[in-house]
Colleague: 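I have a structure I would like to understand better, so I am pasting it below and will then ask my questions one at a time.
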Amino acid sequence: MPLVKIEIRSGKPVEYRQSLIESLREAFLDTLQTPEAALWIRLCERKEENFPMPPGRSDDAVLIEASLMPGRSAEKKEALYRAIVERLDRDAGIRPDDVCILLYEPPAENWAEHGGAFTASR
C-alpha cells in the first residue's frame with residue numbers, strides 16, 4: 001500500500017502533472033508489483049516562494065516521498081529509484097539531477113485501511 005506524494009512548483013499544465021502521476025504509477029506497478037488498488041499517489045503544487053530550490057536544481061525539480069511497508073531489499077529500492085528517474089526523464093523531460101526521492105518505511109502495524117482494519121499487503 002504505497003502512499004506517494006509528488007511535490008512540484010505550481011504553474012505546470014495539467015498534461016504535465018498527469019504525466020508525473022502516470023510515470024510514478026508505472027514505476028511502482030512494474031518495479032514493486034504493487035496492486036493498482038493499493039497505490040495512492042497525490043501531486044502537491046507549491047508556490048515558488050514556498051518551494052525554494054537548492055543550487056543546481058531547475059524550476060522543474062520534483063520531490064517525491066513514498067511510504068512503504070518495510071521489507072524490500074536495497075536492490076528492489078534501487079530499481080524503483082532508477083525506474084522513477086528514467087520514466088520522469090522519458091515522459092516529462094525532467095533531468096535526473098532534478099529528482100529527489102525519499103522512502104519511508106513505517107512498521108506494518110502502523111498501516112490500516114478499509115475502515116481501520118489492519119492490512120499486511122505490500
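All values below come from the heavy atoms of this structure, side chains included, with hydrogens, waters and symmetry mates left out. Position 1 is the first residue of the sequence, and the numbers go up from there.
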Colleague: Going by salt bridge (Lys or Arg N to Asp or Glu O under 4.0 Å), Asp59 matches just one of Arg9, Arg95, Lys12, Arg46. Which one?
Modeller: Arg9
Colleague: Who pairs with Glu36 by salt bridge (charged side-chain N to carboxylate O under 4.0 Å, His left out), at least two apart in sequence or on another chain?
Modeller: Arg25
Colleague: Let me confirm one number: the CG-CD distance from Leu43 to Glu7, rounded to the nearest 0.5 Å.
Modeller: 9.0 Å
Colleague: Could you state the interatomic distance from CD (Glu86) to OH (Tyr81), rounded to the nearest 0.5 Å?
Modeller: 15.0 Å
Colleague: Any salt bridge between Glu75 and Lys77, counting N to O under 4.0 Å?
Modeller: no
Colleague: Quick one, Leu88 and Leu24 - any side-chain contact, counting heavy atoms below 4.5 Å?
Modeller: yes
Colleague: Please find the pair of heavy atoms, one from Pro70 and one from Ala108, that lie closest to each other, and give the distance.
Modeller: CD-N, 4.0 Å
Colleague: Identify whether Leu63 and Ile21 are in the same connected component of the hydrophobic contact network (ILVMFWY, side-chain heavy atoms under 4.5 Å).
Modeller: no
Colleague: Supply the atom-to-atom distance Leu68 CG to Leu80 CG, rounded to the nearest 0.5 angstrom.
Modeller: 7.0 Å
Colleague: Assess the residue pair Glu65 and Val4 against the criterion (side chain to side chain contact (heavy atoms under 4.5 Å, CB included)); give the C-alpha distance rounded to whole Å, side-chain angles, the decisive distance to 0.1 Å, and a yes or no.
Modeller: CA-CA 6 Å; Glu65 296 178 89; Val4 182; over 6 Å; no
Colleague: Any donor-acceptor pair under 3.5 Å linking the side-chain atoms of Ser19 with those of Asp91?
Modeller: no
Colleague: Quick one: pull up CD in Glu15 and CG in Leu20 and give me the separation to the nearest 0.5 Å.
Modeller: 12.0 Å
Colleague: Any side-chain heavy atom of Val85 sitting closer than 4.5 Å to one from Ile94?
Modeller: no
Colleague: Would you call Arg90 and Glu26 a salt bridge, using N to O less than 4.0 angstrom?
Modeller: yes
Colleague: I'd like to know if Glu78 and Arg82 make a salt bridge, using a cut-off of under 4.0 Å between side-chain N and carboxylate O.
Modeller: yes
Colleague: The test is side chain to side chain contact (heavy atoms under 4.5 Å, CB included); show your working for Met53 and Phe51 and say whether it passes.
Modeller: CA-CA 6 Å; Met53 294 297 159; Phe51 195 6; 3.9 Å; yes
Colleague: For residues Ala61 and Arg57, report the shortest heavy-atom separation together with the two atoms involved.
Modeller: CB-CB, 4.1 Å
Colleague: Roughly how far, to the nearest 0.5 Å, is CG of Asn110 from OH of Tyr104?
Modeller: 15.0 Å
Colleague: If we ignore hydrogens and angles and just use 3.5 Å, is the side chain of Asp98 paired with the main-chain N or O of Ser58 as donor and acceptor?
Modeller: yes
Colleague: When you check the gap from the basic side-chain N to the acidic O, do Asp30 and Arg87 get nearer than 4.0 Å?
Modeller: yes
Colleague: Is Leu103 linked to Val62 within one hydrophobic cluster, defined over Ile, Leu, Val, Met, Phe, Trp and Tyr using a side-chain heavy-atom separation of less than 4.5 Å?
Modeller: yes
Colleague: Hey, what else clusters with Val14 if you join Ile, Leu, Val, Met, Phe, Trp, Tyr whenever side-chain heavy atoms sit under 4.5 Å?
Modeller: none
Colleague: For the residue pair Ile84 and Phe28, what are the closest heavy atoms and their distance?
Modeller: CD1-CE1, 4.1 Å
Colleague: Could you give the distance from CG (Leu102) to NZ (Lys5), rounded to the nearest 0.5 Å?
Modeller: 10.0 Å
